[in-house]
Structure formats: C-alpha cells, structure tokens
Asker: 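After the structure tokens below, expect a handful of questions from me.
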There are 2 protein chains.
Amino acid sequence: MSPRRSVSSKKAPRKDSALLASAPIFAALGDETRLRLIAVLCAGRAMSIAQLTSGTEITRQAVTKHLCMLAEAGLVRDIKVGRERLWEFEPTQLEEARRSLEAIARQWDHALAKLKMAVER
Amino acid sequence: MSPRRSVSSKKAPRKDSALLASAPIFAALGDETRLRLIAVLCAGRAMSIAQLTSGTEITRQAVTKHLCMLAEAGLVRDIKVGRERLWEFEPTQLEEARRSLEAIARQWDHALAKLKMAVER
DNA sequence: TTAAAATGCAACCAGGAGGTAGCATATGAA
DNA sequence: TTCATATGCTACCTCCTGGTTGCATTTTAA
C-alpha cells in the first residue's frame, strides 16, 4: 500500500463531537409523523395525546411512541395535568441541529473558497 | 365528545409539504457514521470508497450502504473514474433541511410573540 | 358511586437498518 | 499477461422502528 494519506490521518477536529451528538436529533426529525407533531406543537399550544392523535390515521399508542422518541431527543417535553399529559415543543435541541447544519455549510463554503483560490493563482 | 377543535380542523398550511419532504434528509443525517462521511466529504475533495473506509471501524460494504443512503437523500453524488468510484458532497438538499429547521424556529418564535402580546394586553 | 375519558403497559408483528462474510468482476500497473 | 486493487453483488444476521391489539389504571363528571 502506498503511503497515501488516509481519511483519519488528518486528525478529526474536536468540533466533530458536537456534530455527531446531533445525530439523535436528526434521527428524531427523520420521520413524517414526527415532523407533523413538531409542526403542530411549535404552533405554541401544549396538547394532549388524544388531541394530537385526532386528525391522524394512526393509533394513540403509535403517537405516544413518537412523542417519547421526540422527548428522548429533547425536542418536546411533557407536563402531567390531571388525567391528561400535555406535550409542548422544546426549542433548545432544534437550535443545536441548526448549528450543526450551519457548521457543515460553512465548512463546505470554506472548501469551495480554497479551491477557487487555488485555481485562480 | 365536545365540539372542541381537533388538530386537523385548522387546515394544515401548504408549506407543510415542504417540511414533510425533508424527512428523508433528516433520516439520512440521523446516523453518526453518515454524519462523519458528510463531515469528511464537505471538506471538499471527492473520495473513493476505499479512502472513506480507511480510518473507520466498519467494513467497506457498510460504508457503501451508507453512501447509497446519503445519495438517495441527495446529500452526496458519485462519479466513476476508472476503477474507482469517487463521492462528493452535494449541498442542495442540506440547504433544504436548513430551511425546514428555520421554518419551524420561525413558527415557534411567532407563537411566542403572539402569546406575549395576549398576556400584556 | 359509577360510567366515560385519557392514558399506561405489554405482547406481538413485518419490515428495514446496520453490519458481516464470501465471491465475482473490472481495471490499473508491473 | 498477470496480479493486486477497487468495487459490485448476494446472502445472512440481529436489532430497532413503526405499527397494531388488548387490557389495566387513573381521573373527571354526572
């Protein structure tokens, strides 16, 4: 094998850990049903499981599972009120995801700029 | 049942389709291995499967599968060069994902502003 | 107090995700 | 030509996901 640089020889920057940490957030967002729930909840009002189920084609139990997955990713939060369990949007982790996408985009733009400079000189 | 407004009674806006369309992109981003591949590829240089595999703990076949999933989401593209297959980052779909996250954040900020106004009057 | 509503919990199922190994094929280089 | 490299393809495995049904529990309201 030639002594060509391998991928890892460049020593991945520490910032990568932040990127990799957002994988669960993206995974939670990677489902239409959950995106719908997010869209409904980020309209502001905390809603019960029954309310969130009405208007969908799936069962209450399926909705519950999706809400739990969103909660594990930190994208929603629940508050128990009487016999109801109200769910509300939690924006912190979404901001984290936005920062990750911006970091990728920035790195890409930087690579393009460097390439352009190399071509023009 | 009381005639309380159901979730769907508010008629979901057309913009939702754009949101839901980005579910596959988020799903593709929702895996650490794929995020690593993205991070490497958006550094600019197109790389072969063998190069992308070296420095990881998984097999070449696993990397190939991940690259194919990223390609289906439109996040990477491949070019055949000789006996190699070079992969490069494709920024379009990532921008789409960024727009979706921004749309959610905007909707949330709007809801908060409305709530604040309702409280203050 | 008693029935209906809202939810919790557990079992179950089909299919896909993430990974492996083995072998075939194409291509570059000596 | 011949071998090593880079990749493709297929089968296989395990675990998680998205969904269901059935039944128990808690709480509200009549």
Side-chain angles (χ1 to χ4, degrees), chain A residues 1-7 20 23-41 45-73 75-88, chain B residues 1-7 20 23-41 45-73 75-88:
Chain A
M1 172 131 60
S2 65
R4 175 172 54 190
R5 302 183 74 81
S6 82
V7 172
L20 298 185
I25 310 176
F26 289 128
L29 294 172
D31 177 276
E32 283 202 8
T33 303
R34 288 195 290 271
L35 277 185
R36 274 196 205 93
L37 288 172
I38 291 279
V40 169
L41 287 180
R45 202 161 51 105
M47 299 179 77
S48 72
I49 299 173
Q51 286 176 312
L52 289 168
T53 302
S54 104
T56 71
E57 302 295 309
I58 61 180
T59 58
R60 169 183 61 85
Q61 287 87 336
V63 172
T64 300
K65 281 193 187 179
H66 283 301
L67 288 170
C68 287
M69 295 183 72
L70 287 172
E72 273 186 46
L75 288 164
V76 300
R77 189 197 320 154
D78 70 298
I79 331 123
K80 297 218 59 172
V81 176
R83 72 178 153 182
E84 286 185 329
R85 188 175 173 188
L86 299 183
W87 293 84
E88 60 183 11
Chain B
M1 170 132 59
S2 65
R4 176 171 53 189
R5 302 183 76 79
S6 82
V7 172
L20 298 184
I25 311 175
F26 289 128
L29 294 172
D31 178 275
E32 284 202 8
T33 303
R34 288 194 292 271
L35 278 184
R36 274 197 205 92
L37 289 172
I38 291 280
V40 168
L41 288 180
R45 200 161 53 103
M47 299 178 76
S48 73
I49 299 175
Q51 285 176 310
L52 289 168
T53 302
S54 104
T56 71
E57 302 295 311
I58 60 180
T59 58
R60 169 183 60 85
Q61 289 88 333
V63 172
T64 300
K65 281 193 186 179
H66 284 300
L67 288 170
C68 287
M69 295 183 72
L70 287 172
E72 274 186 44
L75 288 164
V76 300
R77 189 196 320 154
D78 69 299
I79 330 122
K80 296 217 61 173
V81 176
R83 70 178 153 182
E84 286 185 329
R85 188 175 173 190
L86 300 183
W87 293 84
E88 61 184 9

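By convention in this document, chain letters (A, B, ...) are assigned in the order of the sequence lines, proteins followed by strands, and residues within each chain are numbered from 1.
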Asker: Taking N and O atoms by type only, does the side chain of B/Gln61 place a donor or acceptor under 3.5 Å from a partner on the base of C/dG22?
Answerer: yes

Asker: From the options C/dG22, D/dG19, C/dG19, select the nucleotide whose nearest atom is closest to the side chain of B/His66.
Answerer: C/dG19

Asker: What's the closest nucleotide to the side chain of B/Ala50 if the choices are C/dG19, D/dA6, C/dA10?
Answerer: D/dA6

Asker: Base of C/dG19, side chain of B/Glu57 - is there a donor-acceptor contact under 3.5 Å?
Answerer: no

Asker: Applying the side-chain contact (heavy atoms from CB on, under 4.5 Å) criterion to B/Thr33, which one of B/Ile58, B/Val63, B/Ile38, B/Thr56 satisfies it?
Answerer: B/Ile58

Asker: In whole angstrom, what separates A/Leu67's CG from D/dG19's C1'?
Answerer: 15 Å

Asker: Please determine whether any donor N or O and acceptor N or O are separated by less than 3.5 Å between the side chain of A/Arg83 and the base of D/dT26.
Answerer: no

Asker: Within this structure, what is the CD1-to-C1' distance between B/Ile49 and C/dG19, rounded to whole angstrom?
Answerer: 16 Å

Asker: Counting side-chain heavy atoms from CB outward, which of C/dG18, D/dT7, D/dC23 is closest to B/Ser48?
Answerer: D/dT7

Asker: Any side-chain heavy atom of A/Leu75 within less than 4.5 Å of one from A/Leu29?
Answerer: yes

Asker: Can you tell me the distance, in whole Å, between the CG atom of B/Asp31 and the P atom of D/dT17?
Answerer: 12 Å

Asker: For residues A/Ala46 and A/Leu86, report the shortest heavy-atom separation together with the two atoms involved.
Answerer: CB-CB, 4.1 Å

Asker: Would you say B/Glu84's side chain and B/Val81's backbone share a donor-acceptor pair under 3.5 angstrom?
Answerer: no

Asker: Atom CD of B/Glu84 and atom P of D/dT5: how far apart are they, to the nearest Å?
Answerer: 13 Å

Asker: Has the side chain of A/Arg60 got a donor or acceptor that lies under 3.5 Å from a partner of the other kind on the base of C/dG8?
Answerer: yes

Asker: Does a side-chain N or O of B/Arg85 approach OP1 or OP2 of D/dG8 to a distance below 4.0 Å, or not?
Answerer: yes

Asker: Side chain of B/Arg34: nearest nucleotide among C/dG19, C/dG18, D/dC9?
Answerer: C/dG18

Asker: Relative to the 5' end of DNA chain C, which residue comes earlier, A/Lys65 or A/Leu86, by the nucleotide with the nearest heavy atom?
Answerer: A/Leu86

Asker: Report yes if at least one side-chain N or O of B/Thr59 is closer than 4.0 Å to OP1 or OP2 of C/dT20; otherwise report no.
Answerer: yes

Asker: Figure out the CG/C1' separation between B/Asp78 and D/dA6, and round it to whole Å.
Answerer: 14 Å

Asker: If we only count heavy atoms from C-beta on, is the B/Leu67 to B/Ile49 side-chain gap below 4.5 Å?
Answerer: yes

Asker: Expressed as a whole number of angstroms, how long is the span from A/Met69:CE to D/dC15:C1'?
Answerer: 13 Å

Asker: If you only use heavy atoms from C-beta on, which nucleotide in C/dT20, D/dG8, D/dG19 is closest to the side chain of A/Ile58?
Answerer: D/dG19

Asker: With respect to A/His66, which candidate in A/Leu52, A/Leu35, A/Leu37 satisfies the side-chain contact (heavy atoms from CB on, under 4.5 Å) definition?
Answerer: A/Leu37

Asker: Could you state the CH2-P distance from B/Trp87 to D/dA6, rounded to the nearest angstrom?
Answerer: 17 Å

Asker: Rounded to the Å, how far apart are A/Glu32 CD and D/dG19 C1'?
Answerer: 15 Å

Asker: Between C/dG8, D/dT7, D/dG18, spot the one nearest the side chain of A/Thr64, thanks.
Answerer: C/dG8

